[in-house]
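Structure, as structure tokens:
We count ligands from 1, going down the list as the structure has it; atoms in each ligand are counted the same way.
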Amino acid sequence: MAVTVITIDGPSGSGKGTIARRVADALGYHLLDSGALYRLTAISAVKRGVAFDDVEGLAAVAHDLDVEFASNEDGDERIWLDGIDVTHDVRKETTGTNASKVAAIPEVRSALIDRQRAFQRAPGLVADGRDMGTQVFTSAPLKIFLTASAEERARRRHKQLKDKGMDVSLAALSRDIEVRDQRDSERSVAPLKPAEDARILDSSGKSIEAVTQTVLDWVAEL
Ligand code: DC
């Protein structure tokens, strides 16, 4: 049976994670949060004392990740690394910054490719990231590039982190997002950019429901 893959790529704070989850739930599809794999690689490297310029060491960490994605009784996502619940650490802004650094290393990206493709299971997959449409699932029948203005993305991230009890200033967050966008877009391997056959969706000023519905309408056209 053919497995439908829907890719949702875009910059930090564009709403990819939320939209990907809503779309996956609505369709009963599996979900791949590829950013979490880069975040977990960064966490695992720090825990193991592997330096961020140790390319071979980082690739080995990425290849050997012992991860489990689960949800608790309330349906909230839990992420386990080496048997330890790292859900809170995964979402930290410092982890995002470290993830962006390890993600710029080609050997780390290759080490994670097969693991990402293994998420492609029936009846379908919604894959969220930066290069889902351009590198990992190049033949996906629906590729979406989700964007939003830089101010709106910083505001959303700020709210998200505050809701999780993390304290960061909006100004600092805007700067971090700008630096991260630049690093993700300018790296030589798998830079953040829309696939040639991607549909661009700007979520600025739109509700989560409206954006989700647009994606579902596009799925219905497949
Ligand atoms: O989506 P996120 O914030 O969880 O991603 C964290 C970092 O990982 C992001 O700065 C870039 C990197 N990343 C990537 O390079 N490729 C992906 N497919 C997903 C994330």
Which of the numbered atoms in ligand 1 are below 4.0 angstrom from a heavy atom of [X]?
X: R157; result: 3 (O)
X: K16; result: 1 (O)
X: D184; result: 9 (C), 10 (O), 11 (C)
X: M132; result: 18 (N)
X: R39; result: 2 (P), 3 (O), 4 (O), 6 (C)
X: D131; result: 16 (N), 17 (C), 18 (N)
X: G35; result: 4 (O), 5 (O), 19 (C), 20 (C)
X: G129; result: 18 (N), 19 (C)

Of all the non-hydrogen atoms in the protein, which one sits nearest to [atom], and at what distance?
atom: atom 8 (O) of ligand 1; value: Y38 CB, 3.6 Å
atom: atom 19 (C) of ligand 1; value: S34 OG, 3.4 Å
atom: atom 16 (N) of ligand 1; value: R109 NH2, 3.0 Å

Can you tell me if [X] has over 12 outside heavy atoms packed within less than 6.0 Å of its [atom1]?
X: E209; atom1: CD; answer: yes
X: H63; atom1: NE2; answer: no
X: E56; atom1: CD; answer: no
X: K164; atom1: NZ; answer: no
X: K206; atom1: NZ; answer: yes

Note to self: One residue to check: S12. Relative to ligand 1, which of side chain, backbone, both or neither has a non-hydrogen atom less than 4.0 Å away?
What the structure shows: neither
Next item on the list: Check each heavy atom of R187 against ligand 1 and say whether those closer than 4.0 Å belong to the side chain, the backbone, both or neither.
Entry: side chain
Checklist line | Side-chain donor-acceptor pair present, R130, S12, cut-off under 3.5 Å | finding: yes
Next item on the list: Indicate whether the side chain of R183 and that of S100 have a donor and an acceptor atom separated by less than 3.5 Å.
Entry: yes
Check: Can you check whether R187 reaches R109 side chain to side chain, under 4.5 Å on heavy atoms?
Finding: yes
Notebook entry, point to check: Can a non-hydrogen atom of R183 be found less than 4.0 Å from any atom of ligand 1?
Noted result: no
Margin query: My understanding is that we take every heavy atom of each candidate and find the minimum distance to atom 7 (C) of ligand 1. Doing that for P191, A99, A103, which one comes out nearest?
Written below: A99
Note to self: Pair R156, S203 - check side chain to side chain donor-acceptor pair (under 3.5 Å), show working.
What the structure shows: CA-CA 11 Å; R156 284 182 190 162; S203 68; 3.1 Å; yes
Notebook entry, point to check: Any nitrogen or oxygen of R130, main chain or side chain, under 3.5 Å from a nitrogen or oxygen of ligand 1?
Noted result: yes
Next item on the list: Using the side-chain hydrogen bond (donor to acceptor under 3.5 Å, both in side chains) rule, pick out the option among T7, T134, D197 that qualifies with K143.
Entry: D197
